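Fair warning: this is a prediction, and the values are worked out from it, not measured in the lab.
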Amino acid sequence: MNIDVAGVHRKLQFNELEEIRNDAYENSRVYKEKTKALHDRMISRKDFSIGQKVLLFNSRLKLFPGKLRSRWFGPFLVTNVYSHGAVEIQNLRTHDKFKVNGHRLKPYYATFLEHNVEEVPLHDSAPSE
């Protein structure tokens, strides 16, 4: 029961506890970096060009969605693309211009051209005997 030996032992225990605490902080930082890298890899980059037609996401329909109502409306025309992700679009009907976040846009594909489609009958005509 020597006080000096007990004090030295207690200091060693505090140092070990501090090392464990620092390891926990380091593991937490590494976990957060890996999680952020995984999240950032899953985000798809959208590159828009001037003159491209796009659809705009209508976030107001989240509160009162219609069963068959589309959450995308448009088309709009891209008039300017900024480096920080904002896009300036123009309404084709009213010619109003406004800026939106690029994540709220998706490319607009006009009606597809019809191709010649081969028709195949579903019933077989078996020869009758």
Side-chain angles (χ1 to χ4, degrees):
M1 301 288 287
N2 190 355
I3 294 179
D4 294 334
V5 174
V8 170
H9 183 65
R10 179 63 67 171
K11 286 181 184 178
L12 286 174
Q13 287 178 336
F14 281 139
N15 288 340
E16 288 177 6
L17 188 63
E18 188 68 26
E19 288 178 14
I20 292 171
R21 184 174 155 268
N22 289 338
D23 288 343
Y25 278 126
E26 181 66 21
N27 289 340
S28 174
R29 185 186 61 78
V30 170
Y31 172 76
K32 286 180 183 179
E33 286 176 358
K34 286 183 180 180
T35 306
K36 182 181 182 332
L38 177 68
H39 178 266
D40 290 347
R41 265 188 284 152
M42 300 304 287
I43 295 175
S44 61
R45 302 285 180 216
K46 296 179 183 178
D47 296 326
F48 298 107
S49 59
I50 296 175
Q52 181 181 5
K53 289 184 180 180
V54 294
L55 295 175
L56 179 64
F57 183 76
N58 187 359
S59 58
R60 293 176 188 246
L61 284 177
K62 283 186 176 180
L63 298 175
F64 304 105
K67 186 173 183 179
L68 299 176
R69 180 174 285 176
S70 175
R71 294 185 181 193
W72 298 92
F73 64 98
F76 295 93
L77 188 67
V78 175
T79 57
N80 198 355
V81 179
Y82 298 98
S83 61
H84 56 275
V87 179
E88 185 177 79
I89 58 176
Q90 179 181 9
N91 191 339
L92 294 177
R93 294 184 199 121
T94 61
H95 301 291
D96 294 335
K97 290 184 180 182
F98 50 95
K99 291 181 189 176
V100 295
N101 189 342
H103 293 290
R104 294 182 59 206
L105 299 174
K106 73 177 181 179
Y108 171 75
Y109 300 108
T111 56
F112 295 103
L113 299 175
E114 292 185 19
H115 301 286
N116 292 335
V117 179
E118 178 183 348
E119 293 184 18
V120 178
L122 296 177
H123 62 281
D124 293 332
S125 57
S128 58
E129 295 181 24

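No salt bridge links Lys36 with Glu33; every basic N to acidic carboxylate O contact stays at or beyond 4.0 Å.
No side-chain donor-acceptor contact under 3.5 Å links Thr79 to the backbone of Gln90. A donor-acceptor pair under 3.5 Å is formed between the side chain of Thr35 and the backbone N or O of Tyr31. The main-chain N or O of Phe57 is found under 3.5 Å from a side-chain atom of Arg104 such that the two form a donor-acceptor pair.
With values rounded to the nearest 0.5 angstrom, Gln52 atom CD is found 9.5 Å from Asp47 atom CG. Between the CD atom in Glu26 and the CZ atom in Arg21 there is a gap of 13.0 Å [rounded to 0.5 Å]. Atom CG in Asp23 sits 10.5 Å away from atom CD in Glu18 (nearest 0.5 Å).
Within a 6.0 Å sphere centred on NZ of Lys46, heavy atoms belonging to other residues, nucleotides or ligands number more than 12. When the shell of 6.0 Å around CG of Leu38 is examined, it contains more than 12 heavy atoms from other residues, nucleotides or ligands. Summarising the local packing, CZ of Arg93 is surrounded by 12 or fewer heavy atoms from other residues, nucleotides or ligands at distances under 6.0 Å.
Cluster membership check: Phe73 shares its hydrophobic cluster with Val87, using side-chain heavy-atom separations under 4.5 Å among Ile, Leu, Val, Met, Phe, Trp and Tyr. One hydrophobic cluster, built from ILVMFWY side chains closer than 4.5 Å, cannot hold both Trp72 and Leu56; they sit in different ones.
Between Tyr82 and Lys99 the shortest heavy-atom distance is OH-CE, 3.3 Å. Of all the heavy atoms in Tyr108 and Leu55, the pair that sits closest is CD1-CD2, 3.5 Å. Contact detail for Phe48 and Gly102: the closest heavy-atom pair is CE1-O, 3.7 Å.
Each of Leu77, Val81, Leu105 was evaluated against Ile89; a single residue qualifies, Leu105, per the side-chain contact (heavy atoms from CB on, under 4.5 Å) test.
Side-chain contact check for Pro107 versus Lys53: every heavy-atom pair is 4.5 Å or farther apart. Looking at Val78 and Ser49, their side chains never come closer than 4.5 Å, going by heavy atoms from C-beta outward.
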| said: Checking Glu88 against Phe98 for the side chain to side chain contact (heavy atoms under 4.5 Å, CB included) test, could you report, in this order, the C-alpha distance in whole Å, the side-chain angles of both residues, the deciding distance, and whether it holds? | reply: CA-CA 6 Å; Glu88 185 177 79; Phe98 50 95; over 6 Å; no
